[in-house]
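Notes follow once the structure below has been shown.
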Amino acid sequence: MNCTEVQDLAAALIDHESLGPRELAAVEAHLLTCPHCRYEYEMDRLTSRIVRTRVPIVQTPNDTYQSILSAIEED
Ligand SMILES: [Zn+2]
């Protein structure tokens, strides 16, 4: 498995997509031996964690929600 493949799979891992046991083992083995991919993986993981914890989930105000609903119904 080359670096590009590993980084693609590692990105899928970060996005909580499930990998097969063989892919997962190959990615883990590669990350142990390749500092470049490990660095990329750690950066992606940190970035995704920051995005998940720092960006508040915006609640749609109820009247906005209602006006969207009525706009859809008017179609
Ligand atoms: Zn690599």
Side-chain angles (χ1 to χ4, degrees):
M1 198 175 272
N2 65 36
C3 290
T4 309
E5 288 173 316
V6 168
Q7 284 170 29
D8 281 353
L9 291 174
L13 203 61
I14 289 165
D15 291 338
H16 301 286
E17 289 171 30
S18 52
L19 300 182
R22 221 182 269 173
E23 286 172 316
L24 191 61
V27 169
E28 283 174 346
H30 186 96
L31 290 178
L32 286 175
T33 58
C34 180
H36 178 71
C37 285
R38 196 162 60 227
Y39 175 80
E40 293 284 326
Y41 174 69
E42 291 296 332
M43 290 312 279
D44 281 359
R45 215 162 52 117
L46 280 175
T47 310
S48 86
R49 194 188 304 163
I50 290 166
V51 169
R52 238 181 301 136
T53 56
R54 297 287 167 83
V55 179
I57 295 172
V58 179
Q59 284 285 331
T60 309
N62 198 43
D63 53 346
T64 307
Y65 183 68
Q66 289 302 329
S67 67
I68 293 168
L69 273 187
S70 58
I72 293 168
E73 281 162 7
E74 277 164 23
D75 262 358

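Position 1 is the first residue of the sequence; numbering continues from there.
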With clusters built from Ile, Leu, Val, Met, Phe, Trp and Tyr whose side-chain heavy atoms come within less than 4.5 Å, directly or transitively, what are the remaining members of the cluster of [X], listed by chain and number?
| X | result |
| --- | --- |
| Y39 | M43 |
| L9 | M1, V6, L13, I14, L19, L24, V27, L31, Y41 |
| Y65 | L69 |
| I68 | I72 |

Problem - Residue pairs involving residues 21-36 (criterion salt bridge (charged side-chain N to carboxylate O under 4.0 Å, His left out); sequence neighbours excluded) - result: none
Practice task
Could you list all the salt bridge (charged side-chain N to carboxylate O under 4.0 Å, His left out) pairs where at least one residue sits in residues 35-45, not counting sequence neighbours?
Solution key: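 Every pair satisfying salt bridge (charged side-chain N to carboxylate O under 4.0 Å, His left out) with a residue in residues 35-45: E42-R45.
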Holding to side chain to side chain contact (heavy atoms under 4.5 Å, CB included), I want the full list of residues that pass it with [X], two or more places apart in sequence or in another chain.
| X | value |
| --- | --- |
| P61 | D63, T64 |
| E17 | A12, D15 |
| T33 | none |

Problem - For S48, side chain to side chain donor-acceptor pair (under 3.5 Å) partners two or more places apart - result: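 So S48 forms a side chain to side chain donor-acceptor pair (under 3.5 Å) with R52.
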